[in-house]
Structure formats: structure tokens, C-alpha cells
Number of protein chains: 2
Amino acid sequence: MADQDDAGRAGAEFLWGLRERPVKQPRLALTVDRIATAAIEMADAEGIEGVSMQRVAASLDVTKMALYRHLTNKAELVAVMIEMAVGDPPDLSAIEGGWRPRIEHWAELMRGTWRRHPWLPTATVGDRAIGPREIGWTESALSAFDGTPLLGAEKIDAVFVLSGHIRNSQVAALSGTQPWTSDRRTRGDIGELMRRNHNQFPHILAALDDARNAPADNSWAFGLEQILRGLASLIDERATTKPLRRAK
Amino acid sequence: MADQDDAGRAGAEFLWGLRERPVKQPRLALTVDRIATAAIEMADAEGIEGVSMQRVAASLDVTKMALYRHLTNKAELVAVMIEMAVGDPPDLSAIEGGWRPRIEHWAELMRGTWRRHPWLPTATVGDRAIGPREIGWTESALSAFDGTPLLGAEKIDAVFVLSGHIRNSQVAALSGTQPWTSDRRTRGDIGELMRRNHNQFPHILAALDDARNAPADNSWAFGLEQILRGLASLIDERATTKPLRRAK
DNA sequence: ATCCAAAGTATCCGGCGGACACAAGATAGC
DNA sequence: GCTATCTTGTGTCCGCCGGATACTTTGGAT
């Protein structure tokens, strides 16, 4: 940072043991990748709202305006973060057993990724640029339905509802939304308030009571199961000439 | 606003035609309701990110700090906005025909509300306070499953996946997420980019091609249908002693 | 008429995204 | 080897944000 005006002084200080190593440690170059990596690390740890240009820059020992040499604005940083965080989409072609194991595998992988980066649901709302890897996940999911009798639009809609369930499970996990399905602390608070007005919420309280001994948080698996059941029913209906008794 | 120290002067100015009407137009009192109503109007028109304390205050002809006499902070304003925007939950008890028409009715009402206030998905992420009317919508949905053999936890999870689909449809509608399902403009842009790398996205392009003559945006109805099919299948399975051939 | 609590205002703060002008270091041409 | 240019990072400034604090105004109750 300063190595010219104190060139002479630096030598003296070094000789007299005032400094152990020459100042000029290489200082790796600033790149979009390094910036985004630092920002992702910050977002993973503190949430996306804690990520500001200033703080990212500081974590890289650089002024905030230096970032603008590599990114045109903050939206672009977020877009790059997303693209980097979602990672490369999986190849499902090796998975045997038809569409269901394939899409289940895909869903678990995607859920894992989103859980590793809990800020993704927040960052992916609103109008924004979408990168090729993100699209690649959709491509990957569509491939799971190869060989099914679903129409193109139906495959897309199926992937949509599945992605939505993943996003939504993550939204619920990091928030007070649907708190009774997530953590005990919040559940206690809201539960208390509901119990105080118990006559207003009889069904919720009855359901919670009934659920007391159920597995802690099954909403992810339950929702996934129902969506896949629905798809299975549609696919079967399409596949057989004489349709199954249609689900009422 | 000022009517004591310039009482005499005011009369003179009025007599001499310097002021057309007495200053003291009633100036309706500031209330939480008026504030939230103004903020909702702004959010509906410009999105939640356009809502700032300053702008809300200005639209009420008041300084921003006046709002803090009625609300402790912005999060509270947003919470009140949400509670007001979602409105009173519906009473489904009059709907005949079992759980399915009831929950379908509920879903359409909820979707309508969320469409009228497109900022709701954005405002309802993250840890936050939840009000009684919002909970009331869950209560209402749960009542739709009265008489079904679902367990309490399952009813809650069913409502969760349905709410999620509503939220997610709205997220998609206002954004570039899953753009091929929403508006033509974005679809054109992304479509162009995908076509340029057509070998990377064969399934998407094939599906879009196949979907060219399909109804414009069916993702809401399709997802809802699959979820309900899944639930129907589970309910039937529970209801009959000899289980149906289980969906593969 | 006076006092007082409630409601609204004025001013200030740190942090935000970002525009713009500038400085220093690398690099290329001669 | 010297100089001009181009790249990369810096310093300063702006308007807007949410919010703390101290103030003035105002409408009633006494």
C-alpha cells in the first residue's frame, strides 16, 4: 500500500529487527471470485442483510470502491454470489429406477445446497439476473422426467412446484413463519399467545396437541411426498390406457 | 398548527385577504391505521422496497419522526401492514362437498389476497412477529381438513405446503425466477441466452418448444392440483381398510 | 388562566449504495 | 532506459436510510 516513500526507512527498520518480514507481502489480486467468496462467507455466517459493499471490502483489506472495478453494482455481486453458491447442477443420468428416484435425489441435493446457504431464499426474490448454473439445476430436474408421459409444460410446472417447496422449507426454517413446524423457542412464544386466545384457534391448538409426539419437523418430507404422489398419480393416469380411478 | 401567538395577526391577514381560508383545517389525527394504510398503498404501487419512513410520513404530510410516536420501528410498521393486508380469514364451514372444495376455496382466496399485495412474499421472510389474522388463515385452512383421517401434524404440514405454493407462485409472478412460466419479455431474454448455449439446456428448450401452444401460465393450477392429488391419495389410503395400490 | 401530557418537529448520527476525480503501479512502445 | 498509457485501487462527496434525543406546540383538565 505504501512502499515507495518509506523505501529507505523500511530497509533500516528491517535491519534493526523492527520488522520481521519485508512489508510487501504479495497481496493477492482482487478478483470477482475472491470478492464473491468473501461475500458468501459473510452471508452464510450473518445473513444476506449483513453483507454490504463496505464490509465485504474491509474483509478483503480494500476500500469499498475497489469492488466497483470488478462489479458494476451490488445487484451484480448478489447475482454472482447466487451463481457461485448454487454450484454445478448434478448429473442424474446414472440413477436407476425411473423418474421418482431421480427427482428425489435432485431434491435432496438442492435442499442441501439451500441449507448450506440459508440466505438464498431471501436473495432470489424480485426481478434479477439468472445465471447458467441456476438454470442448469432446472435443466437437471427436467431430465429426471425423461421418458414420462408428461407434456413439456407439465414437466416445467412440476419442477416449479418442487423448487418452490424447497425454497419454502428454507424460508420457514430461518424464520418465524409457520413457527410451530420449526423451532421450540418461537413455537413457545406464539403458542403462548394462541393459548391465551384459545377460542380463536381451536384447530391449530388441537393439531399441535395431536402432534406433540410426532417427529419434530416433518414438513419438508411430508410436502415432498404429497407432491410426488400427485405427480405419480398423473403419470400413471397418462401411462395407462384405461385410466386409474381418479383421485377424488 | 400555529393559532395562539398569531391569533391577532391571523385575523388581520384574513381580513386583508392575505389568506383565503383560516389555517386551521382539521388535520385528521395520525393513527397506526392511517399510517399503515398509506404504507400499504405505497407498497402495492411501488413495491415494499419503496416504502421508507420518510416517504410514508411525507405522504401523510408529517415528519418521519412523528411516525415513531405510533410505531416503535420499521419492522413494526411492516408487521402491521402485513396483518392489515392479509385481512380477515374466511369461514369455510358453509362449503359443502368435503375437504377438497373447502381447501380449494381457501387457496383461491389466499392467492387473491397475495396477488393484491405483491410485496407480501418479500415482507414475510425472516424472523418476524406474526399477528392473529395471519394465524387465523392457518386456522381457517386447518378447519378444511375436519373429518379427514389426517393426523394433526399432517394437517399442519399440508397447510404448509399449500401456503408455500401460493407464496411461491407470487414470488415467481413478480420476478425473473422461473421466467419461462411468467412473462414474455423476460422469457425472451433468457430464452435467447439459453438458445445461444442450446447444447447445455436441451431439456429446457425441448420443454419450452413442446409448451409453445400450451396455456400461458398454468403453474399455479398445476402445482395446486398435484398437491391436492397427493393429499387425496393419502386420505383415501387412510380411509380404506384395504389400502389402494400405492402410487409408485 | 395555568399546567401538563401527548403529539409533532428539528437536528444529529452512523451506515448504506454509488458517482467522480485522482494516485500509483504495471506495461508497452520507442 | 525513459515515458505515455491503461489498470487498479483510493479519497471524497452525495442523497437516502432507520433511528436517538431534545425541543416545541397544542389541546384538555383543573
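Treat the numbers as computed from the prediction; the structure is a model and nothing was measured. In what follows, every chain begins at residue 1, and chains take the letters A, B, ... in the order their sequences are listed.
- Regarding B:Asp61, its CG atom lies at a distance of 15 Å from the C1' atom of C:dA7, rounded to whole Å.
- In this entry the distance linking CD of A:Glu49 with P of D:dG18 reads 15 Å, nearest Å.
- Contacts of B:His70 classified as ring-ring contact (aromatic ring centres under 6.0 Å, His included), with partners at least two apart in sequence or in another chain: none.
- Considering only residues two or more places apart in sequence or on other chains, A:Phe222 meets the side-chain contact (heavy atoms from CB on, under 4.5 Å) condition with A:Asn218, A:Gln226, B:Glu154, B:Asp157, B:Ala158, B:Leu231, B:Leu234.
- Distance, A:Leu60 CG to D:dT8 P: 16 Å, rounded to whole Å.
- Checked against ring-ring contact (aromatic ring centres under 6.0 Å, His included), B:His105 has no partners two or more places apart in sequence or in another chain.
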Exercise. Sugar-phosphate atoms are those with a prime plus P, OP1 and OP2; base atoms are the rest. Using that split, label each nucleotide of nucleotides 11-17 of chain C B, S or - for protein heavy atoms under 4.0 Å, 5' to 3'.
Key: B----BB
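- Residues passing the salt bridge (charged side-chain N to carboxylate O under 4.0 Å, His left out) test with A:Asp209, sequence neighbours excluded: A:Arg212.
- A:Arg116 pairs by the side-chain contact (heavy atoms from CB on, under 4.5 Å) definition with A:Thr113, not counting sequence neighbours.
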